[in-house]
Number of protein chains: 2
Amino acid sequence: MAKKIKPEEQISTEEKIKEAARTVFMKKGFSATRTRDIADEAGINLALLNYYFRSKEKLFELVMMEKFQAFFGVIFPILNDPSTTLERKVELIADQYITLLTENPDLPIFILSEIRTNADRMVASVRLDKILAESQFVKQLHERRPDMHSVQLIMSILGLVVFPFLMRPLLMQTGNADTKIFNAMMNERKQWIPKWFDSILNAK
Amino acid sequence: MAKKIKPEEQISTEEKIKEAARTVFMKKGFSATRTRDIADEAGINLALLNYYFRSKEKLFELVMMEKFQAFFGVIFPILNDPSTTLERKVELIADQYITLLTENPDLPIFILSEIRTNADRMVASVRLDKILAESQFVKQLHERRPDMHSVQLIMSILGLVVFPFLMRPLLMQTGNADTKIFNAMMNERKQWIPKWFDSILNAK
DNA sequence: GTCTATAACCTGATAGAC
DNA sequence: GTCTATCAGGTTATAGAC
């Protein structure tokens with residue numbers, strides 16, 4: 001109980017708090033979360049939270065930064081890889097995103113909610129437009145199909161991949177699908193979405 | 001200033017509060033909203049809010065009910081109309097939804113956020129699954145393409161229609177698109193999405 | 001580093017005058 | 001019906017003992 005080095009107890013207090021913060025913030029969002037919830041979840045007391053992280057806000061920023069990176073860190077490298085075709089990029093996005101979100105289904109709603117409520121607290125200046133405009137994806141698309149709008153296309157891919165996870169609470173609540181069924185449906189999409197875009201990219 | 005009946009001043013205090021509640025709740029969500037914000041927005045004082053509506057919660061439920069109905073009230077009648085084809089249904093959903101959301105872009109993020117944070121406070125039991133399963137849309141799809149999963153298809157349609165509005169804050173923040181450009185893009189989708197689904201429904 | 005206790009502030013709701 | 005004033009309770013953050 002004291003200073004034995006059992007693997008589970010190696011986790012530092014700081015990390016325990018951070019992990020608890022991830023859990024609670026992800027579930028309730030910034031405003032609905034009380035620092036006491038996090039302290040309880042971490043199994044420590046409230047004062048310690050302020051000792052390690054100066055404030056609720058600082059702790060939140062840490063978590064948000066992580067999640068933001070997880071959310072966008074998957075897509076940008078794929079879009080920017082010069083060595084893959086457009087078709088392959090779509091395939092990779094569908095596959096990797098759905099895998100990520102299956103393990104982390106609350107990620108999209110968390111990020112989108114917090115952006116809405118507190119655009120200021122957000123990781124500002126992500127320059128989504130620039131990053132996209134200068135990407136290999138856009139370059140390749142422009143060469144192949146100058147008639148297609150890259151933002152439209154990317155919004156469509158993301159919509160098909162991400163939206164089901166946003167609807168998930170609503171679908172699960174009504175008992176229409178348990179986790180297993182939902183995940184199976186998402187796995188189908190991994191095949192489905194690339195095929196769809198193939199036919200669009202080669203249409204007419 | 002007293003009891004003149006100028007049109008703008010006919011608005012009852014009750015309605016002024018309700019309207020303010022719509023604005024503030026939609027922008028910040030339940031938890032981040034303070035009743036004082038609503039009172040200020042309505043130009044009345046805090047006590048009056050509790051006089052007309054018993055509590056913050058009651059007022060919120062009112063607003064949520066409205067918005068929920070607006071969000072789902074468009075799609076259900078379309079899905080259930082026996083006199084329209086599948087293609088026409090997709091066309092109507094794309095057209096009417098995008099029109100609705102263009103006027104009310106915060107609607108989806110509001111509803112989805114609040115469902116997450118407070119599944120309990122939500123308009124429970126919407127039985128999305130039942131309503132869908134018994135819809136004309138599902139019946140027609142099953143006859144025409146028994147190989148296709150109706151939930152998948154509906155999630156896809158909604159994803160293509162709704163997701164851009166969820167990304168909107170992120171796109172607008174980065175200056176990639178102002179309102180006019182964004183709306184133009186959404187209008188394109190009114191044509192685009194039905195064509196897409198036509199080719200899917202008639203594929204292979 | 002970790003705790004208890006509490007300060008300082010905020011928020012929802014109500015009492016009571018007009 | 002509408003206001004001011006205030007209560008009661010909750011929340012973040014800190015002081016200070018160990």
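These numbers come from the heavy atoms of this one structure, side chains and all, not from hydrogens, waters or symmetry mates. Below, chain A is the first sequence line, B the second, and so on; all start at residue 1.
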Practice task
Starting from the C-alpha separation in whole Å, work towards a yes-or-no answer on salt bridge (charged side-chain N to carboxylate O under 4.0 Å, His left out) for K180(A) and D178(A).
Solution key: CA-CA 6 Å; K180(A) 216 166 170 180; D178(A) 62 16; over 6 Å; no
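- Using a 4.0 Å cut-off between charged side-chain N and carboxylate O, E87(B) and R144(B) make a salt bridge.
- A 4.0 Å heavy-atom criterion places the boundary nucleotides of DNA chain C facing chain B at dT11(C) to dA15(C), written 5' to 3'.
- No salt bridge links E134(B) with K139(B); every basic N to acidic carboxylate O contact stays at or beyond 4.0 Å.
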Restricting to nitrogen or oxygen on both sides, can you table the protein-nucleotides 9-11 of chain D pairs closer than 3.5 Å?
residue	atom	partner	partner atom	Å
dT11(D)	OP1	R34(A)	NE	3.4
dT11(D)	OP1	R34(A)	NH1	2.7

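- R54(B) has no carboxylate O lying under 4.0 Å from a charged side-chain N of E61(B), or vice versa, which leaves the two without a salt bridge.
- Crowding of H149(A) atom NE2: a count of heavy atoms from other residues, nucleotides or ligands under 6.0 Å exceeding 12.
- For Q136(B) and K89(B), the side-chain atoms include no donor-acceptor pair closer than 3.5 Å.
- Among the atoms of the strands shown, base atoms are found under 4.0 Å from some heavy atom of L46(B).
- Environment of CD in Q69(A): sparse, with no more than 12 heavy atoms of neighbouring residues, nucleotides or ligands closer than 6.0 Å.
- Only at 4.0 angstrom or more do the heavy atoms of residues 37-44 of chain B sit from any atom of DNA chain C, so none qualifies.
- To the nearest angstrom, P of dT4(D) lies 17 Å from OH of Y51(B).
- For the residue pair T99(B) and K190(B), a side-chain donor N or O sits within less than 3.5 Å of a side-chain acceptor on the partner.
- Under 3.5 Å, the side chains of S31(B) and S31(A) contain no donor-acceptor pair of N or O atoms.
- The interatomic distance linking N45(B) (CG) with dT6(D) (P) rounds to 15 Å, in whole Å.
- Using a 4.0 Å cut-off between charged side-chain N and carboxylate O, R34(B) and D37(B) make a salt bridge.
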